[in-house]
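Shown next, in structure tokens, is the structure this report addresses.
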Amino acid sequence: MGGPGVAGVVVLAAGEGKRMKSRTSKVLHQIAGRSMISHAVGAADALMPERLVVVVGHEREQVEAHLAEVAPHAVTAVQEHQNGTGDAVRCGLAPLRDAVGEIVVTMGDVPLLTGDTLVRLLDAHRANADAVTILTSVLDDPAGYGRIVRDADGNQVAAVVEQRDCTPEQAAITEINAGIYVFEADVLRRGLESLTSNNDQGELYLPDVIAFARAEGKRVHSCLLDDRWQSEGVNDRVQLARLNKEYNRRLIERWQREGVTVLDPDTTWLHASVDLASDVTILPGTSLEGATSVSSGAVIGPDTTLIDVEVGENAHVVRTHGSLAVIGTGASVGPFAYLRPGTVLGAGGKIGTFVETKNAQIGPGAKVPHLTYCGDAVIGEGANIGAGTIFANYDGVLKSKTIIGRHSFVGSNTVLIAPVAVADGAYVAAGSALGENVGPGELAIARGRQRNIPGWVESRRAGTKTHRAAIEATDNEGTSEP
Ligand code: UD1
Ligand code: MG
């Protein structure tokens with residue numbers, strides 16, 4: 001069919017989206033971590049348009065700022081007053097004044113529509129030598145959609161009639177207008193000029209261009225979608241959730257076919273931007289978001305959320321919340337770990353149970369296994385951080401750094417008062433409050449020395465059960481032990 005390449009695409013996104021009841025523009029709400037408008041532009045890109053125009057209106061500053069970020073190649077056209085889809089396309093044609101050939105019109109709130117479907121629509125348009133080709137769908141319940149009214153012979157489309165303008169016979173038609181079309185530019189321009197607001201809503205209706213084209217003797221055919229989800233729009237949060245769930249199901253299925261094991265697709269949530277290798281295993285209750293990538297052999301979950309996290313080969317991440325972190329090859333994280341931005345765990349390293357890390361480089365094979373806050377730290381290869389160690393990195397004003405050397409050992413329940421450094425091959429005694437640096441091969445003991453006061457229980461707690469137990473223990477001394 002000569003392949004894609006059209007003069008222009010117009011994406012309609014000026015509508016108010018009242019039923020979302022949101023301060024955020026409807027088309028900025030997300031499906032699989034990506035805005036609906038970004039999905040729409042992504043699909044339109046498959047047509048390789050010379051120009052891609054997004055018609056904005058409501059909350060246009062938000063939408064324009066977002067497009068500048070995610071689709072800098074898109075130009076915007078402003079529709080000041082939402083006077084119908086025909087008026088919106090009139091506005092959208094301003095940057096396409098000189099366009100000759102095919103112009104595709106699509107919508108910003110139909111997130112499951114794929115680029116492949118748009119290309120199929122374009123192919124049909126060319127094969128039929130149409131002036132207009134319209135994407136349609138057959139629905140059990142066509143309520144709310146424009147109905148496809150055909151010629152007597154049923155071959156071409158005669159008109160689209162909106163639900164509210166339908167006769168009872170027309171209302172019974174189950175083939176609907178998906179709101180996505182290919183137009184020949186000259187027919188579209190003249191058709192739009194001919195529009196009147198002579199309808200129930202008093203708006204300019206884009207689909208009326210079809211009746212105009214037919215009156216000129218031009219060809220108009222439909223292209224039927226067999227996948228109804230692709231024509232479904234989002235008008236409220238119920239539909240947003242429904243379409244998000246279906247998108248997620250499809251995404252997971254795609255990854256499963258690429259060799260990813262997903263134990264429970266119903267409780268696994270993926271962003272479209274996530275990258276997974278074959279032989280990754282995802283356990284129930286897992287959400288992988290943003291630029292997260294997972295290498296082969298890694299096992300993630302259950303009950304884990306990773307946002308912008310890089311997971312190395314064969315790593316295990318169990319019941320963890322992480323963001324902007326790197327987990328090395330064969331490393332192990334969790335259960336119940338909290339990885340905050342700047343966490344880098346080396347190959348074979350461990351971040352264990354009830355451990356929070358932030359801006360922490362933990363070397364290969366180093367272990368932070370239990371009950372630790374580890375912030376602003378550099379931990380050398382093979383070091384071991386005892387249970388309950390706290391990296392006291394904040395004095396109320398400044399954040400400071402703690403350095404632990406290679407193969408060093410920090411005893412349990414130590415407070416490392418930053419800035420402080422423990423050299424390679426050193427020990428810190430359990431229960432220390434460490435405020436001074438430790439040299440290689442040294443043992444640092446930074447705690448009160450133990451003192452035992454004989455007879456204290458007898459003099460201060462006489463007559464208590466504790467006292468009796470002490471007397472019994474003293475009496476038994478030398479008799480109970482061999
Ligand atoms: C439209 C079609 C209907 C079709 C349905 C498919 C018309 C008159 N009707 O109806 O045949 O079955 O889509 O979903 O076209 N928009 C603007 N500016 C406006 C009005 C709308 O940008 O002035 C945008 C909206 O943001 C939305 C799209 O155009 O993305 C469709 O508008 P909407 O009001 O939802 O049209 P429907 O009544 O659903
Ligand atoms: Mg609609």
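Indexing begins at 1, ligand by ligand and atom by atom, following the structure's order. Along the sequence shown, the residues carry numbers beginning at 1.
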Exercise. Please indicate whether any nitrogen or oxygen in Gly179 is less than 3.5 Å from any nitrogen or oxygen in ligand 1.
Key: no

Quiz item: Has ligand 1 got any nitrogen or oxygen that is less than 3.5 angstrom from a nitrogen or oxygen of Ala14?
Solution: yes

Quiz item: Considering the options Leu47, Thr133, Leu113, which one meets the side chain to side chain contact (heavy atoms under 4.5 Å, CB included) requirement together with Leu121?
Solution: Thr133

Practice problem: List every atom of ligand 1 that sits less than 4.0 Å from any heavy atom of Gly146, numbering the atoms from 1 in the order shown and giving each element. | Solution: 3 (C), 4 (C), 11 (O), 12 (O)

Quiz item: Does Leu206 reach ligand 1 with a nitrogen or oxygen that is under 3.5 Å from one of the ligand's nitrogen or oxygen atoms?
Solution: no

Quiz item: For the atom pair OG (Ser278) and CZ (Arg257), what is the distance rounded to the nearest 0.5 Å?
Solution: 15.5 Å

Quiz item: So is Asp109 in contact with ligand 1, going by heavy-atom distances below 4.0 Å?
Solution: yes

Quiz prompt | Part of Gln82 with heavy atoms under 4.0 Å of ligand 1, whether side chain, backbone, both or neither | solution = both

Quiz item: Going by an N to O cut-off under 4.0 Å, is there a salt bridge joining Arg249 and Glu253?
Solution: yes

Exercise. Flag the pair Asp376 and Lys399 as a salt bridge only when some basic side-chain nitrogen lies within less than 4.0 angstrom of an acidic carboxylate oxygen.
Key: no

Practice problem: Before signing off on this row, confirm whether Asn177 and ligand 1 have an N or O atom pair separated by under 3.5 Å. | Solution: yes

Self-check item: For Tyr205, the ligand 1 atoms whose distance to one of its heavy atoms is below 4.0 Å
Solution: 8 (C)

Quiz item: Is Glu246 paired with Arg242 through a side-chain N to carboxylate O contact shorter than 4.0 Å?
Solution: no

Quiz prompt | Donor-acceptor side-chain pairing of Gln230 and Thr117 below 3.5 angstrom | solution = yes

Quiz item: Can a salt bridge be assigned to the pair Glu216 and Lys218 using a cut-off of 4.0 Å between side-chain N and carboxylate O?
Solution: yes

Practice problem: Could you tell me whether Gly108 and ligand 1 have an N or O pair separated by under 3.5 Å? | Solution: no

Quiz item: Has the side chain of Arg147 got a donor or acceptor atom that lies under 3.5 Å from a matching backbone atom of Val161?
Solution: no

Self-check item: Residue pairs fulfilling salt bridge (charged side-chain N to carboxylate O under 4.0 Å, His left out) with at least one residue in residues 46-60, sequence neighbours excluded
Solution: Arg60-Glu64

Practice problem: Flag the pair Glu193 and Arg190 as a salt bridge only when some basic side-chain nitrogen lies within less than 4.0 angstrom of an acidic carboxylate oxygen. | Solution: no

Quiz item: Any heavy atom of Pro207 sitting closer than 4.0 Å to ligand 1?
Solution: yes

Quiz item: If you measure every N/O of Thr85 against every N/O of ligand 1, is any gap under 3.5 Å?
Solution: yes

Quiz item: Of the backbone atoms (N, CA, C, O) and the side-chain heavy atoms from C-beta on, which set of Ala178 has a member under 4.0 Å from an atom of ligand 1: side chain, backbone, both, or neither?
Solution: backbone

Quiz item: Who pairs with Tyr394 by ring pair (Phe, Tyr, Trp, His ring centres under 6.0 Å), at least two apart in sequence or on another chain?
Solution: none

Self-check item: From Met36, Met107, Gln163 - option closest to atom 28 (C) of ligand 1 by heavy atom
Solution: Met107

Quiz item: Applying a 4.0 Å heavy-atom criterion (strictly less than), which segment of Val27 is in contact with ligand 1: side chain, backbone, both, or neither?
Solution: neither

Practice problem: Examine ligand 1 and decide if any of its atoms is less than 4.0 Å from a heavy atom belonging to Val55. | Solution: no

Quiz item: With under 30° as parallel and over 60° as perpendicular, where do the rings of Phe336 and Phe354 fit, or are they tilted in between?
Solution: parallel

Practice problem: Counting heavy atoms only, name the option from Leu12, Val11, Leu135 that's nearest to atom 29 (O) of ligand 1. | Solution: Leu12

Self-check item: Within reach of ligand 1, part of Glu162 (heavy-atom separation under 4.0 Å)
Solution: side chain

Practice problem: Would you mind telling me if ligand 1 is within reach of the side chain of Gln79, the backbone, both or neither, using heavy atoms under 4.0 Å? | Solution: side chain

Practice problem: Using a 4.0 Å heavy-atom cut-off, say whether Ala88 meets ligand 1 through its side chain, its backbone, both or neither. | Solution: side chain

Practice problem: Report, in ascending order of atom number, the atoms of ligand 1 lying under 4.0 Å from any heavy atom of Asn83. | Solution: 23 (O)

